Amino acid sequence: MQPIDSFGNAVKKLREAGKLLGYTEENITKLSTPDAVLERPITITLDSGEEKSFHGYRVQFNNARGPYKGGIRFHPNADINEVKTLALLMALKCAVVNIPLGGGKGGIQVNPKELSRAELERLSRAWVRAFFADIGPHKDIPAPDVYTNPQIMLWMVDEYSKLAGKPSPATFTGKPLENGGSEGRSFSTAQGGFYALRELGQKIGMRPRDTRIIVQGFGNAGYNIARIANAAGYRVIGVSDSKGGIVVASGKLDPEDVFQYKEAHGSLQGYTCATASCTVDENSAVTNAGLLEVDTDVLIPAALENQIRADNVDRIKTKAVVEIANGPITPEADAVLFSKGIPVVPDILANAGGVVVSYFEWDQNLKNEHWTEEEVLRKLDEIITREFAMVWLKSREKKVDMRTAAFIISTQRIAEKMGL
Ligand code: NAD
């Protein structure tokens, strides 16, 4: 298979939106070019006393709407192209939910599982020293991403505050609750995805209790959306993790029980009820590829990119898709789903709950406030509901899929602030 050019694909989509808006090539170039692509060595002393350098990145894509915002990932495959793509998508994501932030992303090419806790702390602090002059609460606000977490954000805030000579919690989001983090942040991506699912159901006439849901991926985002949807009365009939999945064709799963089983056994393999109150008995094992092809009402990819492609899209039997993972559908498969009238709520809208609550965290830090979970979720609901309606309407008006509509809205919002 040809390697997928994700930056090229994102720019292609942006160009398509720009053309529909009547923008010139010149302006499309301005919109699709990052403000800064920073790459610096991150050098630490290992526990052995040896020095080691890693590639460190920060891409600041666009700050026309507010300070750059985006996570930092520690991953062996992190490279500048990936970081650039994610930074562009962050700019569009913040614009589509209309929060006053721009787009950025960062990372280190490293396998954090090979480092001790002390080495990981030194690496996190070294990243901050390398990019200190480029970040800040009104300049660029990083957050956790793949293999980075609230503890890493705490080390980073501490390092930044030492260098700045004053406490600066608003420079990073995704901090632990007791250190300036926001209520609801840990499940905010799933919560936002759930609001998008609920709004979609209302548009296409699916009542919760009659809506069967399949979730690919049972990590932070996948487990939480399954849990929230189940609590709201939806029928979760299938879930999977990297080892495979389970499907209950005629009944429904209890995501809390599945979670308990996964905690106890490390994966979903061989799932049987973990708690006494669970009654599911006719579940069957299914492969990851097979799970995507099960007859359902809503499919929620919440694991990896490029899961629905030209080679399997014809076997997908869902009536709708809500993209919690970033980029789970290739452009070719997207076109096929659109031609079959299968609505797809795109990642930049469906998984924006995380960045919206990050924005709330930043706002609370700057105002020295702490909002209740109820307040956070109410504000998140308002934003996702309002912007879902905008994207839905635009897709009808322009006769395009919801991804194109979301790109049109976000591109236009950024362009306006750039004065294009
Ligand atoms: P996670 O690491 O907590 O969970 C990932 C899950 O996917 C795990 O259960 C893993 O077993 C499963 N998985 C891996 N390979 C799989 C495969 N081939 N088939 C099925 N399942 C597989 O990650 P997460 O935070 O839940 O993120 C999941 C997706 O959502 C990613 O694409 C991420 O970029 C996106 N996302 C997450 C957030 C967030 O706040 N957590 C925000 C925006 C986007």
Side-chain angles (χ1 to χ4, degrees), residues 6 69-75 77-78 82-83 85-87 89-90 92-94 96-97 103 105 107 112-113 142-150 153 173-174 181-182 184-194 196 214-228 238-247 255 258-259 261-263 265-269 271 285-294 299-309 312 321-329 345-361 380 384:
S6 49
K69 179 92 194 87
I72 301 173
R73 69 173 47 178
F74 288 179
H75 196 276
N77 300 339
E82 179 187 70
V83 178
T85 311
L86 295 167
L89 293 176
M90 278 305 292
L92 296 167
K93 196 179 293 191
C94 291
V96 84
V97 287
K105 203 80 182 187
K113 292 179 183 164
D145 193 67
V146 177
Y147 294 150
T148 50
N149 55 36
M153 293 305 110
T173 59
S182 177
R185 175 68 181 88
S186 60
F187 58 92
S188 52
T189 299
Q191 189 74 44
F194 170 73
I214 285 189
V215 183
Q216 185 201 35
F218 205 65
N220 177 283
Y223 156 62
N224 276 307
I225 196 162
R227 173 182 66 77
I228 297 165
V239 295
S240 69
D241 66 11
S242 57
K243 303 261 166 60
I246 40 175
V247 172
V258 178
F259 181 78
Y261 182 92
K262 189 171 158 101
E263 286 285 283
H265 299 86
S267 81
L268 304 180
Q269 263 180 343
Y271 172 73
V286 64
T287 61
N288 262 312
L291 182 90
L292 298 174
E293 298 169 15
V294 173
L299 178 61
I300 305 184
L304 307 171
E305 62 281 6
N306 304 323
Q307 295 300 293
I308 304 178
R309 301 171 304 266
N312 67 353
V321 182
V322 175
E323 289 186 332
I324 296 295
N326 283 314
I329 304 178
V345 185
D347 47 7
I348 60 168
L349 174 63
N351 73 24
V355 74
V356 172
V357 176
S358 267
Y359 159 60
F360 294 160
E361 178 177 335
L380 175 63
I384 301 292

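Any value given below was found using the heavy atoms of this structure, including those in side chains, with hydrogens, waters and symmetry copies removed. When a ligand or atom number is given, it counts from 1 through the structure's own listing order. Computed from a predicted model, the values in this text were never measured in an experiment.
In terms of protein heavy-atom proximity, atom 39 (C) of ligand 1 is nearest to T189 OG1, 3.3 Å. From the protein, the heavy atom lying nearest to atom 8 (C) of ligand 1 is G219 N, 3.8 Å. Protein heavy atom closest to atom 44 (C) of ligand 1, with residue, atom name and distance, is N351 ND2, 3.4 Å. Atom 7 (O) of ligand 1 has A303 CB, 3.5 Å as its closest protein atom, hydrogens excluded (heavy atom only). Counting protein heavy atoms only, atom 14 (C) of ligand 1 is closest to S242 CB, 3.6 Å. Nearest to atom 3 (O) of ligand 1 among the protein's heavy atoms is N220 N, 2.9 Å. In terms of protein heavy-atom proximity, atom 36 (N) of ligand 1 is closest to I324 O, 3.8 Å. Nearest to atom 33 (C) of ligand 1 among the protein's heavy atoms is N326 ND2, 4.2 Å.
Between H75 and Y147, the ring planes lie parallel to each other; the angle is under 30°, not in the 30° to 60° tilted range.
Near G217, the atoms of ligand 1 lying under 4.0 angstrom from a non-hydrogen atom of the residue are 7 (O), 12 (C), 21 (N). Those atoms of ligand 1 that come under 4.0 Å of a heavy atom in D241, given as number and element, are 9 (O), 11 (O), 19 (N), 20 (C), 21 (N), 22 (C). For ligand 1, the atoms lying closer than 4.0 Å to a non-hydrogen atom of S240 are 20 (C). In the vicinity of L304, heavy-atom distances shorter than 4.0 Å reach the ligand 1 atoms 15 (N), 16 (C), 18 (N). Below 4.0 Å from some heavy atom of F218 lie the following atoms of ligand 1, by number and element: 6 (C), 9 (O).
Residues R185 and S358 have side chains that bring a donor and an acceptor to within less than 3.5 angstrom of each other.
When atom types are taken as modelled, the side chain of N326 and the backbone of D347 share no donor-acceptor pair closer than 3.5 angstrom.
By the 3.5 Å distance cut-off applied to N or O atoms, G222 is not counted among the residues near ligand 1. Ligand 1 has no nitrogen or oxygen under 3.5 angstrom from a nitrogen or oxygen of R185. Checked against a 3.5 angstrom limit, the closest N/O atoms of A221 and ligand 1 fall inside it. For a threshold of 3.5 Å applied to N or O pairs, the pair formed by K93 and ligand 1 contains no separation below that value.
Residue contacts with ligand 1, taken as heavy atom pairs separated by less than 4.0 Å, involve A302 solely via the backbone atoms N, CA, C and O. Residue contacts with ligand 1, taken as heavy atom pairs separated by less than 4.0 Å, involve N288 solely via side-chain atoms from C-beta onward.
Every side chain to side chain contact (heavy atoms under 4.5 Å, CB included) that Q216 has, sequence neighbours left out, goes to S240, N288, L291, L292, P301, A303, Q307. Contacts of Q269 classified as side chain to side chain contact (heavy atoms under 4.5 Å, CB included), with partners at least two apart in sequence or in another chain: K243, S267.
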- Message: As a quick check of understanding, evaluate side chain to side chain contact (heavy atoms under 4.5 Å, CB included) for F218 and F259, giving each step before the final call.
- Response: CA-CA 8 Å; F218 205 65; F259 181 78; 4.1 Å; yes
